[in-house]
Amino acid sequence: MSLRVLLASSARHLHGPCRRYATEAARTVLSTKPSIYGQPIFQSHPHLVKPNELTAGIPSEEYERRRRALMDSLPDDSIVVSVAAPIKYMSNNIFYKYRQASDFWYLTGFEEPDSAIILEKNSSSRDYKLTLFCNGTDSDKAKWDGASTSLDDAGALFNADSALPITTFPSHLKALISLSSHVYVDLPASATPRSSRSRPKSILKYLANSLPARREYDSIMETLSGSKRKQLAPEISKFRAIKSKCEQDIMRAAADISGTAHAKTMRFTHPGLSEAMISAHFEYVCALSGSQRLAYVPVVASGANSLIIHYTSNNHIVREGEMVLLDAGCEYNGYASDITRTYPSTGTFSPAQAELYTALLSAQKSLCKLCTESSGHSLHELHRKSCELLKRELNQIGFGLQTGDLERILYPHFLSHPIGIDLHESSNFDRSGELKEGMVITIEPGIYVPPSNSFPSRFHNMGIRIEDEVLVGKEHATVLTVNAPKEIADVEGACQGLLGLEPF
Ligand SMILES: [Mn+2]
């Protein structure tokens, strides 16, 4: 092979994410290594963060707007206390990859552990004051773990009125609590003053570690547990439920990465592979495209394993003639994605598989279209509709459903959940509230047919779920996860390599 042919053929292989990374890598030559900051910012990582952005895809002003909107919604003389997530350990001192606490990140964009903020209402010209507490420069720590952002840089970059050492957080908090009428803070579930004595964590850790006198610690805890204290999470969740244009763009990018990974994983799959290899392939494709982690442990359920809704053992071999249910999505630049597809291991649905798939798909597509503000629907109403639609569809293909068959056996889970920074942004979400423009929710009906005489035998042991993310508009619903093949022809085309996609 001549050199020219060799070059041409290697260039052909440099496609998709690999080519993008090659270009980005070239740009990073200008920045110095190692970084002096505790997270990627434009100055250190111009291949990840643009000049106007604080975190990838989100400008500083947006973080400012978030804090202002929150503080404007709270009564006078309020303070907000939010702390970073603790580092989590697999065993002893073996840590997991760090992920910042969602609400803290939403308000700050700050990605280092051992940090906290206090927001005070009505105490400066911009109506609120932000104090950021963090590690600051620590040369010994930097040698082992890499840099943490200096106090000066942290204050300037993250737009804080002051940035102080995290060790001073308890004394500041104590002083401010006594001056404020309302203290918005989330304590861990077990954090009553009594139980916290045995297992201090998160916010308690800072208080417990940093205060020499137990009496002082107890007095802060008592005040925090008293009538001044209000839960912060429900206040923030109202704002997080509506996605800004920047957030919508990131969520679309996350959905694109996951959707393409689904298509490529369909191409990669064949009988004889293990479910674990399919999971590994999905994760690999997402990581190549820049995703920082998966948003959850994937479900790779072949054959009758698909009847287990949260099957994550992923340790069986895929057989000829089975379907594979793949529920998997990446996290990208702080936002989760969530897609489920069910496809034939051999690349072609059997007639019975196609029949059941078509019934579910028809209902799923009708439900996606209903995700508009003008429909006035709530998640509860959409779920009720999903049951109606599925009953009709299933009876048309010979199910003859009895009362309760669908809700109790064939489709035992809820249709939808809101998604964003967290995969399930549901804990403070009102399922009875009307959908609003800018919300992003999943639509994920499923059918799981046990081998029971009550149901047609040709569908026994089939489990199918089809899940998309939908952006709610005033009049129109936008499916974000369109890269994942869904129509039978597209799914089979992807499996058979007819869509022009390489498996990698
Ligand atoms: Mn989901």
Side-chain angles (χ1 to χ4, degrees), residues 99 102 237 240-241 243 247-248 250-262 265 278-279 282-283 286 291 293-301 305-312 314 324-332 334-343 360-361 363-368 370-371 377-380 382-383 385-387 389-390 407 410-431 435 439-448 463-472 477-486:
R99 183 182 183 278
S102 300
S237 87
R240 274 179 54 184
K243 272 66 182 177
E247 290 183 296
Q248 291 173 19
I250 298 176
M251 291 194 73
R252 177 59 198 254
D256 280 348
I257 292 171
S258 295
T260 301
H262 268 270
T265 304
I278 293 171
S279 173
F282 181 88
E283 183 164 5
C286 289
S291 130
R293 53 165 65 76
L294 292 187
Y296 51 101
V297 179
V299 173
V300 188
N305 289 340
S306 59
L307 271 63
I308 303 166
I309 314 281
H310 289 156
Y311 173 83
T312 50
N314 302 345
V324 177
L325 185 156
L326 175 62
D327 184 346
C330 73
E331 185 183 293
Y332 179 67
Y335 289 79
S337 57
D338 191 359
I339 304 178
T340 309
R341 290 293 184 265
T342 311
Y343 58 94
L360 182 66
L361 179 61
Q364 200 265 358
K365 289 198 293 188
S366 310
L367 291 160
C368 287
L370 296 176
C371 301
H377 289 315
S378 66
L379 291 195
H380 273 310
L382 285 177
H383 180 74
K385 280 210 182 311
S386 73
C387 295
L389 284 166
L390 285 176
E407 294 88 339
L410 296 172
Y411 170 44
H413 59 75
F414 198 68
L415 171 72
S416 168
H417 57 85
I419 175 171
I421 299 170
D422 288 315
L423 180 72
H424 290 177
E425 295 201 322
S426 331
S427 40
N428 292 293
F429 191 94
D430 178 10
R431 282 179 172 182
L435 293 180
M439 288 179 172
V440 179
I441 61 172
T442 62
I443 292 293
E444 47 178 316
I447 293 292
Y448 316 90
I464 306 179
R465 181 162 65 251
I466 304 173
E467 172 177 29
D468 283 308
E469 293 169 45
V470 186
L471 168 63
V472 177
T478 308
V479 175
L480 296 179
T481 40
V482 283
N483 280 14
K486 184 161 83 166

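Residues: numbered from 1 along the sequence shown. On a predicted model such as this, the values are computed, not experimentally measured, just so you know. Start at 1 and go down the list; that is how both ligands and their atoms are numbered.
For D422 and R99, the salt-bridge test passes: some basic side-chain N is under 4.0 Å from an acidic carboxylate O.
For the pair I464 and L325, the minimum side-chain heavy-atom distance is 4.5 Å or more.
To the nearest 0.5 Å, the span separating SG on C387 from CG on L382 amounts to 11.0 Å.
Shortest non-hydrogen contact noted between I419 and A336 is CD1-O, 3.7 Å.
Side chains of T442 and D338: no donor on one and acceptor on the other come within 3.5 Å. A donor atom on one side chain and an acceptor atom on the other are found under 3.5 Å apart for Y296 and D327.
Protein atoms of type N/O/S that fall under 2.8 Å from the Mn ion (ligand 1) number 4 in this view.
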